[in-house]
There are 2 protein chains.
Amino acid sequence: MTVQSGRRERKKAATRQKIADTALRLFLERGYEAVGIREIAAEADVAVTTLFSHFASKEALVFEQDADFEHRLAQAVTGRAPDEPLMPALRREMHAMVRHCTADGAAPVWRMIDGSTSLREYEESMRLRHAKSLAAAIAADPGLSRTATACRTIAGFVVDAHALAREAADPEAAVDEIFGMIEAAWESTAT
Amino acid sequence: MTVQSGRRERKKAATRQKIADTALRLFLERGYEAVGIREIAAEADVAVTTLFSHFASKEALVFEQDADFEHRLAQAVTGRAPDEPLMPALRREMHAMVRHCTADGAAPVWRMIDGSTSLREYEESMRLRHAKSLAAAIAADPGLSRTATACRTIAGFVVDAHALAREAADPEAAVDEIFGMIEAAWESTAT
DNA sequence: TTTCGATACCCTAACCGTTAGTGTTACGGT
DNA sequence: ACCGTAACACTAACGGTTAGGGTATCGAAA
């Protein structure tokens, strides 16, 4: 486990980025389903197998920075100020995430996602992962003693909030509305 | 639109059933991923295209009676007694559904589902559909005036309850625990 | 410096779910 | 008795994904 930043890792990162950029460009130009893997690989000047060594599936090309999102919610729980209650921290993070997804320039990507069944399904499977890690983070906090079922329920609720808010007319207001409900559910489980 | 029960419809139903039975048998014998579509079709003595005219995908072979489930929750809302509150009706239906899924004999099937990524993803996409129709049913009830976001949030919550309860050590108790949270969330939106 | 293991990449050829295209049969209403 | 059509069949392909097996470049130990 040596430190990073050898020429190798830089080249690898560059290849990955080139693939992702090429794919996104082609997808936006001609539509997700209309662009094939072999074509993306050719345009990015890599072999198909190389593409799949960087991305586990065609859908993963679109959700390139999924791994970031994966941890942000969990971090919001484990990294919050020692005396801060859970819900405000989660609400704040959710606001930031929703703002990020509804920023200018992101719209075409989301339109593309909503237009493809397989992309929507992939996004759902991501939510399951996110909910799982969030539930683990909540369950691990010694300050909040709740049952495993309660943690998982709340976690599922929170990640769903992201999807629901994205589709709402006023995403920011939707986050607040949903979090009102989440807090009521959460407090109903207080011992 | 003539009435049913011609020889034709019986034959069609028989073909569909034979395909589903064959598929489930092979899946349980040798594992979901280890059995190919061509093999199922051959064993059921139909053409591959015929199989796909009855089932939209390989996963749909496993969730054969999905369509039933699709409407049960919505029915629980629209078909409840005129004066019955929403939540008890949903809770009752959810109890019935969970009991059905945890009945003896269903265990191997669920073990198979949990063992396959594509089956789990398919189940999730079903949940989205179910949540959508449930949300529509709730939103359509004139007695419950809630925002669209609140309806969708609660609907997502309810369908998630099914998945969470199935995985819990005591599914029936989990349903009650989760519904306690759902009711708190629901009542927090009362005008 | 030389050597050497690791790894990033390449190519070919397939596998598998799924669909299009094109018939053929047999049912059901007229 | 006839015809429209629904159900099914066959072949061939498409597109995502993976296996198998090879080359080259990097990084570090010898």
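To find a chain, count down the sequence lines: A is the first, B the second, and so on, and within it residues start at 1. The figures that follow rest on heavy atoms only: side chains count, while hydrogens, waters and symmetry mates do not.
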**Prompt:** What does B:V48 touch in the nucleic acid at a heavy-atom separation under 4.0 angstrom: a base, only the sugar-phosphate, or nothing?
**Reply:**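 It contacts base atoms.
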**Prompt:** What is the nucleic acid contact for A:T49, judged by heavy atoms within less than 4.0 Å: base, sugar-phosphate only, or nothing?
**Reply:**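 Base, at least one base atom sits under 4.0 Å.
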May I have the distance from [X] (atom [atom1]) to [N] (atom [atom2]), rounded to whole angstrom?
X: A:I40; N: D:dG15; atom1: CD1; atom2: C1'; result: 11 Å
X: B:D45; N: D:dA7; atom1: CG; atom2: C1'; result: 15 Å
X: A:L119; N: D:dG15; atom1: CG; atom2: C1'; result: 15 Å
X: B:K58; N: C:dC15; atom1: NZ; atom2: P; result: 15 Å
X: B:Y122; N: C:dG17; atom1: OH; atom2: P; result: 15 Å
X: B:R7; N: D:dA6; atom1: CZ; atom2: P; result: 18 Å
X: A:K12; N: C:dC9; atom1: NZ; atom2: P; result: 7 Å
X: B:I37; N: D:dT17; atom1: CD1; atom2: C1'; result: 17 Å

**Asked** Do you know which two heavy atoms are closest between B:S188 and A:G180, and how far apart they sit?
**Response**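 Minimum heavy-atom contact is OG-O, 4.1 Å.
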**Prompt:** How far apart are the closest heavy atoms of A:R127 and A:V159, and which atoms are they?
**Reply:**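 Distance-wise, the nearest heavy atoms are CD-O, 3.5 Å.
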If only side-chain N and O atoms of [X] are considered, is one of them under 4.0 Å from the OP1 or OP2 phosphate oxygen of [N]?
X: A:K11; N: D:dC26; answer: yes
X: A:H54; N: C:dC9; answer: yes
X: B:T50; N: D:dA7; answer: no

**Item:** Short side-chain to backbone donor-acceptor contact, A:R146 and A:I138, under 3.5 Å
**Value:**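 Answer holds: no.
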**Prompt:** Could you state the interatomic distance from CG (B:L24) to CD (B:E64), rounded to the nearest 0.5 Å?
**Reply:**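 B:L24 CG to B:E64 CD: 8.5 Å, rounded to 0.5 Å.
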**Prompt:** For the side chain of A:S57, counting heavy atoms from C-beta on, which of D:dC26, C:dT19, D:dT17 is nearest?
**Reply:**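 From the listed options, D:dT17 comes nearest.
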**Prompt:** What nucleotide among D:dC8, C:dC27, D:dT17 has an atom nearest to a side-chain atom of A:F52?
**Reply:**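 Minimum distance to the A:F52 side chain belongs to D:dT17.
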**Asked** Can the positive tip of B:K58 be found less than 6.0 Å from the middle of the six-membered ring of B:Y122, inside 45° of the ring normal?
**Response**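 No, B:K58 does not lie over the aromatic ring of B:Y122.
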**Request:** Tell me which of B:E59 and A:S53 sits closer to the 5' end of DNA chain C, going by the nucleotide each one is nearest to.
**Result:**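 Residue closer to the 5' terminus by nearest nucleotide: A:S53.
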**Request:** Tell me which of B:R38 and A:Y32 sits closer to the 5' end of DNA chain D, going by the nucleotide each one is nearest to.
**Result:**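 Its nucleotide being nearer the 5' end, the pick is B:R38.
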**Request:** Using only heavy-atom distances, decide whether a donor-acceptor pair under 3.5 angstrom links the side-chain of A:R8 to the base of C:dA8.
**Result:**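 Between C:dA8 and A:R8, which were checked side chain against base, a qualifying N/O pair under 3.5 Å is absent.
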